[in-house]
Amino acid sequence: MSAKTEPRLTPSERLARGLTYSTVGPVDVTRGLVGLGLQSAQSTASGLRQRYREGRLAREIAAAQETLAQELAAAQEVVSGLPQALQDARRSQRRAKRPWLIAGVAVAVLAGGAVAFSVVRRSMRSEEPSPRPPSVEVQSRP
């Protein structure tokens, strides 16, 4: 009774074997990539646990919570003063002069366009008559 057991491959060895052999390649490539991903996740989790144990992460989290509380208090203060600020802004707006100025400019542009149109039209009338005879009778009937 002989026990034949193959030694287990590491994920990187499995990936290398999967890339070299075409028969079991796709399976080994997939298993190798999944294994490397799991090892990476375990390593990251281990590093985080170690940082937390050392207290660095705990201090960073406490500092972040304190900063967040300060920012939240500042935001609440700004929001509570917002209605008064809006009311003050509405009171300080001047609305009387600007619409009249825009209307005056629009009327001036339209008047200038009308004058230019009439000048061009009059200059077109002063052309010499056509050398061809008219296509309709010019004489009026009684």
Side-chain angles (χ1 to χ4, degrees), residues 3-142:
K4 268 187 155 181
T5 59
E6 291 183 26
R8 292 190 149 222
L9 297 176
T10 66
S12 56
E13 291 172 339
R14 189 177 305 280
L15 179 62
R17 187 179 88 173
L19 292 174
T20 54
Y21 297 111
S22 63
T23 315
V24 279
V27 173
D28 277 344
V29 167
T30 304
R31 287 182 66 186
L33 288 175
V34 168
L36 286 175
L38 287 175
Q39 279 182 349
S40 173
Q42 284 177 339
S43 171
T44 303
S46 172
L48 285 175
R49 276 193 302 269
Q50 183 179 358
R51 280 181 60 198
Y52 189 77
R53 283 188 199 121
E54 290 174 0
R56 282 186 290 171
L57 186 59
R59 283 190 298 263
E60 290 174 10
I61 289 174
Q65 284 176 338
E66 184 179 329
T67 304
L68 187 61
Q70 290 173 354
E71 292 293 326
L72 186 58
Q76 284 176 342
E77 189 175 314
V78 168
V79 168
S80 67
L82 193 59
Q84 182 65 34
L86 286 174
Q87 216 171 32
D88 293 344
R90 286 185 185 137
R91 284 184 193 149
S92 67
Q93 284 182 344
R94 288 183 279 172
R95 300 181 191 178
K97 292 183 180 180
R98 189 158 291 187
W100 288 108
L101 177 67
I102 294 172
V105 169
V107 168
V109 168
L110 288 175
V115 168
F117 178 76
S118 64
V119 167
V120 169
R121 180 137 176 142
R122 284 187 184 159
S123 68
M124 296 292 283
R125 287 186 184 166
S126 65
E127 291 183 13
E128 296 179 12
S130 174
R132 291 194 248 161
S135 60
V136 287
E137 277 187 43
V138 181
Q139 296 176 350
S140 61
R141 295 187 181 176

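These numbers come from the heavy atoms of this one structure, side chains and all, not from hydrogens, waters or symmetry mates.
Remark: Glu54 engages Gln50, Arg56 in a side-chain contact (heavy atoms from CB on, under 4.5 Å) (not counting sequence neighbours). For Leu9, the side-chain contact (heavy atoms from CB on, under 4.5 Å) partners at least two apart in sequence or on another chain are Glu13, Arg14, Arg17.
Annotation: the span from Ser12 atom OG to Leu33 atom CG amounts to 11.0 Å, rounded to 0.5 Å.
Looking at every heavy atom in both residues, Leu36 comes nearest to Pro11 through N-CB, 3.7 Å.
Evaluation of the salt bridge (Lys or Arg N to Asp or Glu O under 4.0 Å) test over residues 59-85, restricted to residues two or more places apart or in two chains, returns Arg51-Glu60.
Counting only distance, with no hydrogens or angles, the side chain of Ser46 and the backbone of Gln42 share no donor-acceptor pair below 3.5 Å. Under a 3.5 Å cut-off, the side chain of Thr67 and the backbone N or O of Ala63 do form a donor-acceptor pair.
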